Amino acid sequence: MTSSVHPSSSSLLTREGDEKYANVNWEELGFALIPTDYMYVAKCKQGESFSEGKIVPYGDISISPCAAIFNHGQGIFEGLKAYRTEDERITLFRPDQNGLRMQNGADRLCMTPPSVEQFVEAVKQTVLANKKWVPPPGKGTLYVRPLLIGSGPMLGIASAPEYTFLVYVSPVAEYHKVSSGPLNLEVNDKYRRSHAGGTGGVKSCINYCPIVKPVLEAKSAGFSDILFLDAATGRNIEEISTCNIFIVKGNIVSTPPISGTILPGITRKSIIELARDISYQVQERDVSVDELLEAEEVFCTGTATVVKAVETVTFHEKRVKYKTGEEALSTKLYTMLTNIQMGVVEDKKGWVVEIDGCHD
Ligand SMILES: *Cc1c(COP(=O)(O)O)cnc(C)c1O
């Protein structure tokens, strides 16, 4: 991944609408955070509703050292993208699904979430305020990061007295354009990501710090990422560090079920529907490592990755190679999904949400 893009430091001084694009070298876009002009912030007391949020200059926020997010990790994040289409519309992909997922996570972590309507409105406002940071079509997308945190102070095991909902954005490259080659996964039999009854099924901040070490270990052994196994038996595959997994054999596409231990990906859900539209049989069920090793094709899905073929999987001493390239189902599904997202084909599913007031 590249990480050397420097945005214009004077961007806050230019009046909104002055220029179509921010001062970014779009050809060199990577995945590192590029600070943009504005963010959205709203607060609420526990159990009450969020006040109307404000668009404020992007920057540091001030919260108590005793905040629940710092001490107990009481936080949920989301991730989605804003797209600039060839005909100059700015769109979002199924943002209501992210709002719903934040609500489910908030329920699990005893937090007060924004309504789905407020969530979507906040995302729209933040994207509009940072419109010139949405990359040109084909160069990338604007990654949107909504965050819900326990910002009120507390010491004991309790739910925070105050919550902050914020949204910030950063332009990112097309993953396919900059990712370093094919995915070579290691099936990890040493660490577990999630367990029944835990928080693996929600996008809780506390799920991510513990997987850094396993991922770094895998990377230093030459793998691109790891595939986690279920904690209960160690026999079934669950997901990759930030994306869901699918296996293909003949006309059957299988993916682990949503049962609380994997993250219910919105890309996963969309890909299941698209695969069924082209007459594949999709099964959401336990998938064993043995089946993985016998599959013809393996791919993963997520907002950042979109759909990406897995070239090899390594389990203990065994390495298996899968079908990739133009003939692969993952290539077909990638094209189907990105054509909808980028407005290349008509969206017959009502997935694409246009942001009002985008026409220049
Ligand atoms: C976010 C995430 C995904 C993918 O979800 P999308 O909604 O498709 O972006 C998959 N697994 C994990 C662990 C995640 O955090």
Side-chain angles (χ1 to χ4, degrees), residues 31 73 75-83 92-106 108-109 116 119-120 123 141-148 169-170 172 174-176 183 185 188 191-195 198-215 218 224-231 236-246 255-275 282 284 287 298-308 310 330 333-334 336-338 340-341 349 351-353:
F31 283 99
I76 308 251
F77 69 92
E78 268 302 330
L80 67 161
K81 285 171 168 174
Y83 307 81
L92 300 168
F93 184 72
R94 310 186 80 175
D96 56 310
Q97 297 291 315
N98 297 89
L100 278 170
R101 190 164 66 188
M102 179 172 271
Q103 293 206 326
N104 292 337
R108 179 65 182 81
L109 300 186
V116 173
F119 178 95
V120 174
V123 169
T141 52
L142 188 69
Y143 184 74
V144 183
R145 172 55 65 82
L147 199 55
L148 177 67
V169 296
S170 177
V172 293
E174 295 289 337
Y175 188 87
H176 277 247
L183 269 184
L185 298 180
N188 189 292
Y191 298 101
R192 300 288 186 250
R193 174 186 175 273
S194 165
H195 57 84
T199 57
V202 300
K203 241 173 154 64
S204 154
C205 296
I206 54 177
N207 291 345
Y208 296 85
C209 179
I211 64 172
V212 174
K213 188 178 164 79
V215 169
S224 347
D225 208 330
I226 51 181
L227 176 55
F228 286 102
L229 298 176
D230 76 297
N236 297 320
I237 60 173
E238 294 234 299
E239 63 178 319
I240 301 159
S241 56
T242 58
C243 33
N244 295 113
I245 188 146
F246 288 77
T255 191
I258 302 298
S259 57
T261 54
I262 68 163
L263 205 283
I266 296 157
T267 321
R268 172 188 180 279
K269 188 172 170 176
S270 308
I271 285 299
I272 289 175
E273 203 173 318
L274 293 176
V282 183
E284 296 180 68
V287 177
V298 175
F299 61 88
C300 59
T301 65
T303 296
T305 324
V306 192
V307 179
K308 187 152 168 75
V310 173
S330 61
L333 291 170
Y334 170 83
M336 287 174 76
L337 182 62
T338 51
I340 296 174
Q341 291 172 332
K349 296 178 182 291
W351 286 348
V352 173
V353 173

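Computed from a predicted model, the values in this text were never measured in an experiment. Here, residue 1 is the first one in the sequence, and each next residue gets the next number. Both counts, for ligands and for their atoms, begin at 1 and track the order of listing. What you see below is based on every heavy atom in this structure, not just the backbone, and it leaves out hydrogens, waters and symmetry mates.
Looking at Asn236, its side chain never comes within 3.5 Å of a backbone N or O of Asp230 through a donor-acceptor pair. Judged purely by atom type and a 3.5 angstrom limit, Thr301 has no side-chain atom pairing as donor or acceptor with the backbone of Val306.
Of the heavy atoms in Thr303, both backbone and side-chain atoms come closer than 4.0 Å to ligand 1. Contacts with ligand 1 closer than 4.0 Å are made by no heavy atom of Gln97, backbone or side chain. With a 4.0 Å heavy-atom cut-off, ligand 1 is reached by no atom of Pro264.
Atom 1 (C) of ligand 1 has its closest protein heavy atom at Lys203 NZ, 1.4 Å. Among protein heavy atoms, atom 15 (O) of ligand 1 sits closest to Tyr208 OH, 2.4 Å. In terms of protein heavy atoms, atom 3 (C) of ligand 1 is closest to Thr242 O, 3.4 Å. In terms of protein heavy-atom proximity, atom 8 (O) of ligand 1 is closest to Thr267 OG1, 2.6 Å.
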Inset, instruction - Check the pair Asn207, Ser194 against side chain to side chain donor-acceptor pair (under 3.5 Å), reporting the backbone distance first and the verdict last. - result: CA-CA 8 Å; Asn207 291 345; Ser194 165; over 6 Å; no
Legend entry - Residue pair Ser204, Arg108: steps toward the side chain to side chain donor-acceptor pair (under 3.5 Å) verdict: CA-CA 9 Å; Ser204 154; Arg108 179 65 182 81; over 6 Å; no
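A salt bridge links Glu273 with Lys349: the closest approach of a Lys/Arg side-chain nitrogen to an acidic carboxylate oxygen falls below 4.0 angstrom.
Applying the salt bridge (Lys or Arg N to Asp or Glu O under 4.0 Å) test between Glu78 and each of Lys203, Arg101, Arg145 identifies Arg101 as the sole match. For the side-chain contact (heavy atoms from CB on, under 4.5 Å) with Arg268, the qualifying choice from Val307, Leu263, Ile258, Ile245 is Ile258, the only one to do so.
For ligand 1, the atoms lying closer than 4.0 Å to a non-hydrogen atom of Arg101 are 5 (O), 6 (P), 7 (O). Heavy-atom contacts of Ser241 reach the following atoms of ligand 1: 13 (C) (cutoff under 4.0 Å). Of all the atoms in ligand 1, the ones that sit under 4.0 Å from a non-hydrogen atom of Cys243 are 10 (C), 11 (N). Taking every heavy atom of Gly265 and a limit of under 4.0 angstrom, the matching atoms of ligand 1 come to 5 (O), 6 (P), 7 (O), 8 (O).
The six-membered or imidazole ring of Tyr208 lies near that of Phe77, with a centre-to-centre distance under 6.0 Å.
In this structure, Gly200 has no heavy atom closer than 4.0 Å to ligand 1. The closest approach between any non-hydrogen atom of Gly79 and ligand 1 is not below 4.0 Å. Assignment of Arg193 to the shell around ligand 1 is supported, since a heavy atom sits closer than 4.0 Å.
For the atom pair OG1 (Thr303) and CZ (Phe93), the distance works out to 8.5 Å, reported to the nearest 0.5 Å.
Ligand 1 has no N or O atom lying under 3.5 Å from any N or O atom of Leu263, backbone or side chain.
Nearest-heavy-atom check against atom 12 (C) of ligand 1 across Glu239, Arg268, Glu78 picks out Glu239.
Ring geometry for Phe246 versus Phe299: interplanar angle under 30°, hence parallel rather than tilted (30 to 60°).
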